[in-house]
**Student:** 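Before I ask anything, here is the structure I am working with.
Scope of the values below: all heavy atoms of this structure, side chains included, with no hydrogens, waters or symmetry mates. Remember, predicted model here, so these are calculated numbers, not experimental data. Lettering follows sequence order; numbering is per chain, from 1.
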Amino acid sequence: MADTTLGTAAARPGLFLRNATGLVKAWSTFDAFVYSFWSVNLITLGLYGMSFAYFVPDGQVLTAVLITGVLVTFLVLAYAALVSVMPRTGGDYAWQSRVLGGGVGFVLAITGWWFTLWLWTPIYANILIVQFFEPLAYTVGLTGLAQFFATQWGVFVSCLIVLAFVSLVVTLGMETYARIQKICFWIGLVGLAVVCGLLLFASHADFQNAFNREATSLFGAGPNAYQATLDASTKGGFTGHEFTFFSLGPTLLLLPFLAFYLLWPNWGATLYGEVRGAKELRKPLQSMFWGLWVTVALVVLVLILTAKTIGWEFYNAANAAYWNPIYGVDQPAAPVPIWPYPVMFAGWLVNNHLFQAVLIAVMGLWFFGWAGTLFLSSTRVIFAAAFDRVLPSWAANISAKRRVPYGSLLLMVVPSLIVSALFAWNVFGFAAAYLDATAVIAITFLGTLVAAIILPWRRKDIYDASPIARYKILGLPMISVVGTVAAIFILFMVYEWATNATYGSNSVPSAIYLGATYLLAVVIYVAARIVRNRQGIDLSRIHHEIPVE
Amino acid sequence: MPKIFFATDLHGSEVCWKKFLNAARFYDADVLICGGDMTGKAIVPIVSENGHFSVALGGEQQTVPAEQVAEVEANIRRKGYYPLRMSVERLHELDSDPQKRAECFQEVMLEGVERWMNMAAEKLRSSGIRCFVCPGNDDEMEVDEVVRRSELVELGEGQIVDIDGFAMISTGWSNPTPWKTHREDSEEQLAERIESMASKIGDPSRAIFNLHCPPYKSGLDEAPAIDADLKLLHGGRALRPVGSTAVRAAIERHQPLLSLHGHIHESKGAVKIGKTLSINPGSAYEEGMLMGAIIQLDPKKGIKSYQLVNG
């Protein structure tokens with residue numbers, strides 16, 4: 001019950017509550033922060049995404065990270081505002097359906113939260129290979145196993161492992177996984193502290209010696225692998241700059257790469273509908289804001305330490321030496337034939353393979369504490385579409401005993417297997433289009449931002465009754481202003497992904513994949529309208545508001 | 001053949017109740033069923049002082065001129081709260097005396113239900129539309145009498161009613177909750193309560209079980225996990241099944257054509273339990289949105305079609 005002091009208006013009780021079902025105390029902001037923090041995963045997505053920054057050698061990564069952080073903050077503000085307006089029915093699907101219409105909501109949500117997650121499966125699998133299987137296997141001397149994961153079958157097997165892990169998490173349920181996430185979070189942070197400590201206290205010369213030593217010891221490379229790596233990248237056409245080199249235009253071109261990991265602090269927003277206390281703007285905003293900015297701060301730290309000890313030019317050269325041959329650039333093979341994982345490099349500063357293996361394994365928790373939620377939002381969106389009768393009812397079936405959503409899992413796992421095979425064997429140059437996975441979700445976000453921008457006029461009743469109605473910027477609704485800024489940011493990236501060859505997503509196979517994705521969603525929706533109409537069910541009325549008077 | 005519109009857990013939202021009454025015409029339904037938990041959970045004091053009013057909205061104390069109070073009251077009602085004008089002294093009295101507060105709650109809740117019954121009479125008179133209400137576990141027992149007195153709304157609790165050849169049984173009682181609300185039974189007692197009605201039904205393939213509490217582990221009963229202090233765990237994302245084993249057993253044993261549930265607002269869904277279609281349309285009363293289910297019954301097919309809607 002509220003405060004009993006009646007001295008000032010502010011100290012008076014504003015609400016009397018009676019004992020009623022569902023009145024619970026608010027969730028911990030820290031718990032929600034952990035979820036958001038995992039979504040913009042610095043190690044798995046972050047290091048993987050930033051390893052492509054060498055494609056824009058004139059760009060300044062540190063500045064680009066900060067600019068992305070500021071722009072994504074507008075996205076976070078728009079989403080937090082939407083959560084506080086429509087908390088119970090939250091998520092892109094519901095927001096877009098209620099503001100833009102059921103058809104638009106279905107097509108954008110189903111492509112962003114269902115279809116494109118098929119493509120994220122091989123991306124997750126690739127990250128698991130380059131950050132866990134390969135470095136760990138080489139370090140403990142299982143060279144054959146490490147080399148297997150470099151093959152197409154190896155990539156496919158890793159996809160199967162990811163799918164099995166994700167399915168297991170769905171089966172176990174979020175409560176069990178949330179506990180696992182917390183453990184991974186704390187141990188992973190300790191691992192990151194060790195990595196940062198090693199990079200902080202070692203010099204560049206220490207690293208150079210360690211690199212040459214381990215390149216020979218683990219990979220059988222020649223005596224000066226460090227120089228050979230630089231030479232290989234130079235022959236492939238890479239010319240790097242010092243860490244402090246700055247040029248604004250190229251720096252902005254780094255943003256679409258950084259979106260690969262920094263665009264997702266609102267990942268959990270699809271789930272806020274289940275969260276009490278979400279109606280206050282402050283709670284969801286803080287969770288997403290700190291998830292984003294703690295990550296940005298850690299990225300800045302890791303980048304500075306990488307530049308100091310590993311050397312910025314060498315780090316980018318190593319990335320070029322690794323990725324260029326994969327993308328068909330004619331250059332000598334890199335002496336260290338695996339992905340330049342900064343964690344592995346930091347471990348090499350200690351001349352002990354057991355320590356190095358333990359460090360890689362510990363940092364692997366950044367993967368296992370994060371990857372389990374791959375299909376979580378997908379299953380929710382599939383359920384929502386099934387309850388709306390757009391999908392068949394079996395899509396929302398769950399098993400009676402273990403509550404496994406086997407219908408939606410099937411709809412995720414089977415197509416993911418096909419997409420994984422296309423990715424593993426690089427059919428139609430499919431592997432190069434990995435940023436499509438980011439682009440499709442960004443377009444879904446764009447739809448939600450449009451809904452946010454027009455909400456105060458389109459659904460005036462809901463908006464006026466919400467706690468954010470009083471927030472204005474230059475006399476305009478705050479949600480519309482922040483939504484517009486975030487929408488411009490996403491439009492810029494969509495334009496770059498669509499037109500700039502740097503990102504590998506403006507190719508014909510990419511266009512076919514994207515086109516097929518949206519076409520499939522439209523076909524499903526139109527077919528559902530026709531079939532349901534014959535059954536006497538009018539799908540257009542799902543979100544039609546009943547008149548009040 | 002009857003077309004049913006079912007909604008539940010309106011929790012005092014007057015906008016939702018008005019939409020509920022209008023839903024019959026909007027969806028061409030013949031029968032309206034409100035599944036329970038009609039009454040609100042909170043009173044928002046609008047304190048009169050020195051010629052103006054003050055009210056806390058969205059956690060912030062605001063001063064409201066007299067001419068805007070009606071608008072503020074409408075906004076509060078929309079969310080399912082009860083606006084109540086009072087003096088500073090009355091505020092003090094309610095804050096310090098739980099008994100007076102409980103009396104005040106009962107007064108505003110019964111007034112609210114009475115007002116809703118009158119609205120129903122005005123809206124549905126001469127329409128031929130039948131309207132059933134079955135108070136839920138959050139509704140005090142006195143609510144039943146107010147519904148019973150109403151001109152057009154039929155009380156469902158404990159009754160077997162005929163809807164164009166389909167028999168409907170109803171109860172708003174639930175299994176135990178951490179909040180110890182007004183209508184809670186042990187699972188055994190709840191089983192007996194349901195069985196006392198279900199056993200009298202002749203043909204289960206033409207039966208409707210209108211049971212406020214959803215069946216256990218059905219997917220219609222997933223609520224955010226809380227600790228002993230009622231604090232949400234894991235950022236509110238961990239869900240637990242909290243439905244009734246007695247309800248599930250009754251559905252599995254009798255296999256009615258349809259079962260209608262509410263209670264767990266977050267757990268919207270429609271699932272098959274054997275031959276039974278079980279529905280929980282969910283609730284978003286705070287947003288003024290009426291989540292409901294339209295079910296078209298057919299004497300031969302049983303359920304001809306169903307649809308969950310957000311009206």
**Student:** Only pairs of heavy atoms separated by less than 4.5 Å count here; which of B:Tyr82, B:Phe26, B:Tyr27, B:Tyr216 has the most with chain A?
**Tutor:**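 Of B:Tyr82, B:Phe26, B:Tyr27, B:Tyr216, B:Phe26 has the most heavy-atom pairs under 4.5 Å with chain A.
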**Student:** Tell me, with the steps shown, if A:Glu175 and A:Arg179 meet salt bridge (Lys or Arg N to Asp or Glu O under 4.0 Å).
**Tutor:** CA-CA 7 Å; A:Glu175 187 164 4; A:Arg179 289 199 192 98; 3.4 Å; yes
**Student:** Answer yes or no: is there a donor N or O on one side and an acceptor on the other, between the side chain of A:Thr373 and the main chain of A:Leu376, under 3.5 Å?
**Tutor:**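 No, because the side chain of A:Thr373 does not come within donor-acceptor range (under 3.5 Å) of the backbone of A:Leu376.
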**Student:** With a 4.5 angstrom heavy-atom cut-off, is it the side chain or the backbone of B:Ser218 that approaches chain A, or both, or neither?
**Tutor:** backbone
**Student:** Could you tell me which portion of B:Lys3 (side chain, backbone, both or neither) has an atom closer than 4.5 angstrom to a non-hydrogen atom of chain A?
**Tutor:**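 When you check distances to chain A, only side chain atoms of B:Lys3 fall under 4.5 Å.
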**Student:** Do the side chain of A:Ser36 and the main chain of A:Pro265 share a donor and acceptor less than 3.5 angstrom apart?
**Tutor:** yes
**Student:** Between A:Gln535 and chain B, which part of the residue has a heavy atom less than 4.5 Å away: side chain, backbone, both or neither?
**Tutor:**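 For A:Gln535, the backbone is the part near chain B, not the side chain.
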**Student:** Is the number of heavy atoms from other residues, nucleotides or ligands under 6.0 Å of A:Lys472 NZ greater than 12?
**Tutor:**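 Check passes, neighbour count above 12.
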**Student:** Please classify the contact between A:Glu549 and chain B as side chain, backbone, both or neither, with a heavy-atom cut-off of under 4.5 Å.
**Tutor:**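 For A:Glu549, heavy atoms of backbone and side chain both lie under 4.5 Å from chain B.
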**Student:** Which region of B:His182, side chain (C-beta onward) or backbone (N, CA, C, O), has a non-hydrogen atom less than 4.5 Å from a non-hydrogen atom of chain A, or is it both or neither?
**Tutor:** side chain
**Student:** Sort B:Pro241 into side chain, backbone, both or neither according to what part of it lies under 4.5 angstrom from a heavy atom of chain A.
**Tutor:**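 Its backbone and side chain both get close to chain A.
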**Student:** Identify which part of B:Arg248 has an atom lying under 4.5 Å from any heavy atom of chain A, answering side chain, backbone, both or neither.
**Tutor:** side chain
**Student:** Heavy-atom pairs under 4.5 Å with chain A are the metric here; pick the option from B:Ala270, B:Ala238, B:Ser305, B:Ser174 that has the most.
**Tutor:**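 Winner by heavy-atom pair count: B:Ala238.
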**Student:** Can you find a heavy atom in the side chain of B:Gln62 that is under 4.5 Å from one in the side chain of B:Val72?
**Tutor:**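 Answer no - side chains too far apart.
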**Student:** Salt bridge check, A:Glu545 against A:Arg98: does any charged N sit closer than 4.0 Å to a carboxylate O?
**Tutor:** no
**Student:** Out of B:Val309, B:Asn310, B:Leu10, B:Val15, which residue meets the side chain to side chain contact (heavy atoms under 4.5 Å, CB included) rule with B:Leu290?
**Tutor:**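 Among B:Val309, B:Asn310, B:Leu10, B:Val15, the one meeting side chain to side chain contact (heavy atoms under 4.5 Å, CB included) with B:Leu290 is B:Leu10.
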**Student:** So what's closer than 4.5 Å to chain B heavy atoms on A:Ile462: side chain, backbone, both or neither?
**Tutor:** both
**Student:** Would B:Glu140 and B:Thr39 count as a side chain to side chain donor-acceptor pair (under 3.5 Å) here? Give the steps.
**Tutor:** CA-CA 8 Å; B:Glu140 295 191 4; B:Thr39 48; over 6 Å; no
**Student:** By a 4.5 Å heavy-atom criterion (distance strictly below it), what part of B:Asn22 contacts chain A: side chain, backbone, both, or neither?
**Tutor:**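 Both parts, backbone and side chain.
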**Student:** Check each atom of B:Val47 against the heavy atoms of chain A and say whether the ones under 4.5 Å are side chain, backbone, both or neither.
**Tutor:**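 For B:Val47, the contact with chain A is made by the side chain alone.
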**Student:** Which bit of B:Ala23 is near chain A, if near means a heavy-atom gap under 4.5 Å: side chain, backbone, both or neither?
**Tutor:** both
**Student:** If you count heavy-atom pairs within less than 4.5 Å of chain A, which of B:Ile76, B:Thr181, B:Ile264 leads?
**Tutor:** B:Thr181
**Student:** Please flag which part of B:Leu94 lies under 4.5 Å from any non-hydrogen atom of chain A: side chain, backbone, both or neither.
**Tutor:** both
**Student:** Show, in sequence, the C-alpha distance, side-chain angles and deciding distance for B:Asn280 and B:Ser267, and conclude whether the side chain to side chain donor-acceptor pair (under 3.5 Å) test is met.
**Tutor:** CA-CA 7 Å; B:Asn280 175 359; B:Ser267 212; 5.1 Å; no
**Student:** Per the side-chain hydrogen bond (donor to acceptor under 3.5 Å, both in side chains) rule, which among B:Asp9, B:Asn137, B:Asp37 passes with B:His263?
**Tutor:** B:Asn137
**Student:** Step through the shown structure and confirm whether more than 12 heavy atoms of other residues, nucleotides or ligands are within 6.0 Å of CD on B:Glu103.
**Tutor:**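 Atom CD in B:Glu103 is crowded, with more than 12 foreign heavy atoms closer than 6.0 Å.
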**Student:** Among A:Asp388, A:Asp538, A:Ile468, A:Ile542, which residue forms the greatest number of heavy-atom pairs with chain B at distances under 4.5 Å?
**Tutor:** A:Ile542
**Student:** Non-hydrogen atoms of chain A under 4.5 Å away: do they reach the side chain of B:Lys272, the backbone, both or neither?
**Tutor:**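 Nothing of B:Lys272, per the 4.5 Å heavy-atom cut-off to chain A.
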**Student:** Check each atom of B:Asp138 against the heavy atoms of chain A and say whether the ones under 4.5 Å are side chain, backbone, both or neither.
**Tutor:** both
**Student:** Is the charged tip of A:Arg389 near the ring of B:Tyr306: under 6.0 Å from the six-membered ring centre and within 45° of its axis?
**Tutor:**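 Judged by the rule, A:Arg389 and B:Tyr306 form a cation-pi pair.
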**Student:** Report which part of B:Glu14 has an atom under 4.5 Å of a heavy atom belonging to chain A: side chain, backbone, both, or neither.
**Tutor:** neither
**Student:** For the candidates A:Asp461, A:Thr176, A:Val34, A:Asp464, which exhibits the highest count of non-hydrogen atom pairs separated by less than 4.5 Å from chain B?
**Tutor:**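 Answer, by heavy-atom pair count under 4.5 Å with chain B: A:Asp461.
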